[in-house]
There are 2 protein chains.
Amino acid sequence: MTVTIKDLAEKVGVSVTTISRVLNNRGYLSNHLKERVQEAIVELNYQPNEIARSLSRKKSNIIGLIIPDISHPFFSELTKYIEYYAYEHGYKVLLCNSLLNRAKEKEYIDLLKASQVDGIIMGSQTISVEDFELINLPVITIDRKISDEIPYICSDNYEGGRVATQLLIGKECKKIAHISGNLQLNLLAKKRHEAFMEQVVQHGVEYVVVETDINGFDLKDYERLVHKLFNDHPDIDGVFASSDVIAMQVVNECHRLGFQIPNQVKIVGYDGIAQGYNRNYMISTIEQPIKEMGKIAVENLIKQILAKNPPAETILPIKLLERETT
Amino acid sequence: MTVTIKDLAEKVGVSVTTISRVLNNRGYLSNHLKERVQEAIVELNYQPNEIARSLSRKKSNIIGLIIPDISHPFFSELTKYIEYYAYEHGYKVLLCNSLLNRAKEKEYIDLLKASQVDGIIMGSQTISVEDFELINLPVITIDRKISDEIPYICSDNYEGGRVATQLLIGKECKKIAHISGNLQLNLLAKKRHEAFMEQVVQHGVEYVVVETDINGFDLKDYERLVHKLFNDHPDIDGVFASSDVIAMQVVNECHRLGFQIPNQVKIVGYDGIAQGYNRNYMISTIEQPIKEMGKIAVENLIKQILAKNPPAETILPIKLLERETT
DNA sequence: TTGTATGCGTTATCAG
DNA sequence: CTGATAACGCATACAA
């Protein structure tokens with residue numbers, strides 16, 4: 001039932017090659033011919049078959065996107081832009097949520113390879129470096145440096161950590177907590193932690209650090225973590241949270257405990273997602289240029305696909321958004 | 001460089017047909033043979049080519065997902081579950097954000113058809129019914145009834161609207177505002193508005209209704225809308241917002257104006273996304289069973305793909321979550 | 001400028 | 001139970 005270029009060819013009275021040519025606009029073709037083909041296309045309601053194209057060209061124009069969880073606002077916003085720019089460049093996006101499950105992440109990589117994607121953007125990264133290097137496909141990494149071969153994109157984590165911590169110190173916080181992402185994953189976000197440490201030590205400020213679980217981030221876990229933190233250290237008067245989602249939990253806990261923000265406790269988050277749909281409480285935060293990150297991720301991946309070398313490292317500037325929690 | 005079943009065949013010393021058989025586990029095959037093929041697979045590092053499979057089988061095992069905007073928490077959460085269940089059933093998900101742009105929505109439909117997706121889940125719906133019927137592919141619709149032919153899934157919008165409005169009336173609100181989604185789009189969410197109207201009229205409560213723009217939902221627009229609402233009607237003491245995102249804007253505006261919640265103004269939202277990552281303020285809301293919606297959307301689409309008739313209509317129950325804003 | 005023939009990697013239809 | 005061989009729909013080297 002499906003109409004193919006063969007049918008078009010018969011209809012117009014030329015060969016399939018010619019049809020293929022006008023479809024791809026290759027070589028010289030008379031306008032008359034073009035018109036007749038166009039007519040036949042609408043008449044027969046022809047739809048090109050990308051699968052056949054992909055097989056023949058050995059290029060699918062699909063990019064795979066592996067992230068931990070699309071429902072996390074940072075990733076949903078990043079994904080929005082990745083999809084947007086991919087589409088602009090003629091690429092489609094296959095979405096994979098690893099849920100930070102190492103096995104699932106590996107399965108997805110195989111799935112994407114089997115699906116002949118032209119490249120992968122990795123926002124999830126629990127697998128080992130060795131597994132990573134087996135991918136053998138154009139890859140761009142978000143927020144993790146795997147090796148010198150694989151280009152990565154991140155925001156200026158060190159500077160973000162420094163600015164956030166200095167903000168709290170500058171506001172005379174005496175005991176500052178840092179709620180960090182998991183440090184074993186060796187993400188570049190770890191630099192936020194490093195910067196935090198340097199600042200508090202340098203200024204002689206009392207501090208406490210807790211980190212989130214390695215096996216994924218569940219909101220309930222965040223809640224428990226924050227609850228325990230304030231339980232163990234009721235005298236905390238400053239918190240640097242490594243994401244806005246966590247910062248919001250801190251806000252909630254403070255509400256619950258009756259702590260005034262920012263009088264008694266000052267809070268600064270990270271990500272800047274509080275700009276999008278998820279803005280609600282005016283938390284102070286370090287804004288990552290999410291849109292830009294998505295754009296460059298796509299562009300650099302495509303460069304790689306086209307065998308032009310993209311920069312190995314892209315560090316984008318962050319911005320302090322000071323609002324009501326500091 | 002790519003290794004194909006042909007290479008496997010040579011290596012093992014059988015025909016490609018046989019290889020294909022063991023790969024697909026069809027017919028009788030000796031264990032010895034299976035083992036030898038398995039060995040060859042790891043030895044040659046064989047990766048199946050899904051594209052070739054798809055072309056041959058005329059089935060891609062890809063489903064297309066068109067939504068307005070993945071960064072909207074309702075859709076990101078829905079998408080999470082759609083992807084999850086699709087994967088469970090052996091399907092991949094191609095993500096498309098229409099941004100409520102009619103032209104883009106149509107382009108995406110063509111793109112998905114060209115990509116030979118096996119079916120489409122439509123969470124975005126600005127195109128006309130006629131365009132819709134041209135899709136000619138298995139489709140499941142979220143929250144919109146197109147025709148008797150196209151199965152749809154929604155939560156019990158009418159009941160949700162009723163419960164939300166009754167909650168406010170029961171708490172003695174004297175002037176209730178309803179911030180509705182756009183009513184021209186003719187979504188099933190319109191029933192929330194109908195239920196609201198019935199309730200306020202029936203109880204003789206003063207009311208005001210505003211609706212969001214048809215051309216997409218930008219947070220800034222929401223802000224302006226809410227701001228204007230309270231400017232025009234400073235005496236509002238109850239708000240039923242048609243999404244949690246909007247409800248949060250109302251919370252923000254009340255904070256700004258110094259209105260006490262829930263003493264002076266009571267607010268109830270819709271969606272229940274405030275359960276996931278996006279929970280922060282404890283807004284009272286009508287919870288939609290998002291996970292269930294995603295699950296059933298996938299299952300019913302697959303039924304359709306397999307030519308088993310799924311139910312034409314699936315209405316899932318909502319739940320009132322009463323928290324701090326009422 | 002246009003057409004013929006072959007390949008892309010896999011599945012499916014037949015004989016044997 | 002196994003193996004040629006023809007699809008699947010399109011692109012392209014090579015001819016004409």
Side-chain angles (χ1 to χ4, degrees), chain A residues 1-37 40-41 44-62 90 92 110-118 137, chain B residues 1-37 40-41 44-62 90 92 110-118 137:
Chain A
M1 221 71 329
T2 67
V3 20
T4 74
I5 58 172
K6 203 170 171 182
D7 301 311
L8 286 183
E10 284 177 13
K11 181 90 182 173
V12 179
V14 293
S15 76
V16 293
T17 311
T18 306
I19 299 292
S20 177
R21 280 216 185 80
V22 0
L23 255 32
N24 294 294
N25 229 322
R26 265 192 240 295
Y28 295 88
L29 325 133
S30 71
N31 284 328
H32 179 58
L33 178 67
K34 285 187 187 175
E35 282 166 18
R36 277 163 61 217
V37 174
I41 286 178
L44 299 183
N45 189 28
Y46 167 78
Q47 306 261 158
N49 184 328
E50 285 295 330
I51 297 262
R53 272 195 172 171
S54 299
L55 182 60
S56 185
R57 287 202 284 214
K58 288 171 160 283
K59 183 160 188 314
S60 65
N61 274 44
I62 298 180
K92 291 156 277 182
D110 285 337
L111 179 66
L112 291 177
K113 289 175 77 173
S115 301
Q116 311 295 118
V117 299
D118 294 333
L137 213 67
Chain B
M1 222 68 334
T2 67
V3 19
T4 74
I5 59 172
K6 204 169 171 183
D7 301 310
L8 286 183
E10 282 176 15
K11 180 93 183 171
V12 179
V14 292
S15 75
V16 293
T17 312
T18 306
I19 300 291
S20 177
R21 280 213 185 83
V22 1
L23 254 33
N24 294 293
N25 228 321
R26 265 192 244 293
Y28 294 86
L29 326 132
S30 70
N31 283 328
H32 178 60
L33 178 67
K34 284 188 189 176
E35 281 166 19
R36 277 163 59 216
V37 174
I41 287 178
L44 298 183
N45 189 26
Y46 167 77
Q47 305 263 157
N49 183 327
E50 286 295 330
I51 298 261
R53 273 197 168 165
S54 300
L55 181 60
S56 185
R57 288 203 281 218
K58 287 172 159 281
K59 185 161 187 313
S60 65
N61 274 42
I62 298 180
K92 291 155 278 182
D110 285 337
L111 179 65
L112 291 177
K113 291 175 75 171
S115 301
Q116 310 298 114
V117 299
D118 293 333
L137 213 66

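A note on names: the letters A, B, ... follow the listed sequences, proteins ahead of strands, and every chain is numbered from 1.
- Atom pair A:Asn25:CG and D:dT12:P shows a separation of 13 Å (rounding to whole Å applied).
- Shortest non-hydrogen contact noted between B:Ala40 and B:Val12 is CB-CG2, 3.7 Å.
- In this structure, a donor-acceptor pair under 3.5 Å is present between the side chains of B:Ser15 and B:Thr18.
- Residues A:Leu23 and A:Tyr46 have side chains in contact (heavy-atom distance under 4.5 Å, counting atoms from C-beta outward).
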Using atom names, set out every protein N or O paired with an N or O of nucleotides 5-7 of chain C below 3.5 Å, distance rounded to 0.1 Å.
residue	atom	partner	partner atom	Å
C:dG7	N2	A:Ser56	OG	3.1

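- With B:Ser54 contributing its side chain and B:Glu50 its backbone, the two residues share a donor-acceptor pair below 3.5 Å.
- In this entry the distance linking CG of A:Asn24 with P of D:dT12 reads 7 Å, nearest Å.
- Contact between the side-chain N/O atoms of B:Ser20 and the OP1/OP2 oxygens of C:dT11 is found at a separation under 4.0 Å.
- Residues satisfying the salt bridge (Lys or Arg N to Asp or Glu O under 4.0 Å) test with A:Lys11, not counting sequence neighbours, are A:Glu43.
- Note: NE2 (B:His32) to P (D:dT2) measures 12 Å, nearest angstrom.
- Atom-to-atom, CZ of B:Arg26 to P of D:dT2 comes out at 15 Å; the value is rounded to the nearest Å.
- For residues 4-13 of chain A, proximity to DNA chain D is found at A:Thr4, A:Ile5, defined as any non-hydrogen atom under 4.0 angstrom from a strand atom.
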### Message
Assess the residue pair A:Asp118 and A:Lys59 against the criterion (side-chain contact (heavy atoms from CB on, under 4.5 Å)); give the C-alpha distance rounded to whole Å, side-chain angles, the decisive distance to 0.1 Å, and a yes or no.
### Response
CA-CA 6 Å; A:Asp118 294 333; A:Lys59 183 160 188 314; 3.3 Å; yes
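- Residue-environment remark: NZ (A:Lys6) stays at or below the threshold of 12 foreign heavy atoms within 6.0 Å.
- For the pair B:Asn24 and B:Arg53, the minimum side-chain heavy-atom distance is below 4.5 Å.
- Counting only distance, with no hydrogens or angles, the side chain of B:Ser115 and the backbone of B:Leu111 share a donor-acceptor pair below 3.5 Å.
- In this structure, the side chains of A:Gln116 and A:Ile62 stay at 4.5 Å or more apart for every pair of heavy atoms.
- Pairing each heavy atom of A:Thr4 with each of A:Asp7, the nearest pair is N-OD2, 2.8 Å.
- Rounded to 10 degrees, the angle separating the terminal axes of the helix from C:dT1-D:dA16 to C:dG16-D:dC1 is 40°, with each axis obtained from five end pairs.
- OP1 or OP2 of D:dG3 sits under 4.0 Å from a side-chain N or O of B:Thr18.
- Across the protein-nucleic acid pair, A:Gln116 atom CD and C:dC8 atom P stand 13 Å apart, rounded to whole Å.
- For the pair B:Leu33 CG and D:dC1 P, the interatomic distance rounds to 12 Å; values are reported in whole Å.
- At whole-Å resolution of the value, CD1 in A:Ile19 and P in C:dT2 are 11 Å apart.
- Heavy-atom minimum distance, B:Asn25 versus B:Lys34: OD1-NZ, 4.1 Å.
- Contacts between residues 47-55 of chain A and DNA chain D, defined by a heavy-atom separation below 4.0 Å, involve A:Pro48, A:Asn49, A:Ala52, A:Arg53, listed by number.
- One N or O on the side chain of A:Asn61 and one on the backbone of A:Gly90 form a donor-acceptor pair closer than 3.5 Å.
- Not one side-chain nitrogen or oxygen of B:Lys58 sits closer than 4.0 Å to the OP1 or OP2 atom of C:dT10.
- Sorted by first and then second residue, the salt bridge (charged side-chain N to carboxylate O under 4.0 Å, His left out) pairs involving residues 13-24 of chain B (not counting sequence neighbours) form an empty list.
- Among D:dA4, C:dA12, D:dA11, the nucleotide with an atom closest to any side-chain atom of B:Ser15 is D:dA4.
- Across the protein-nucleic acid pair, B:Leu23 atom CG and C:dT10 atom C1' stand 10 Å apart, rounded to whole Å.
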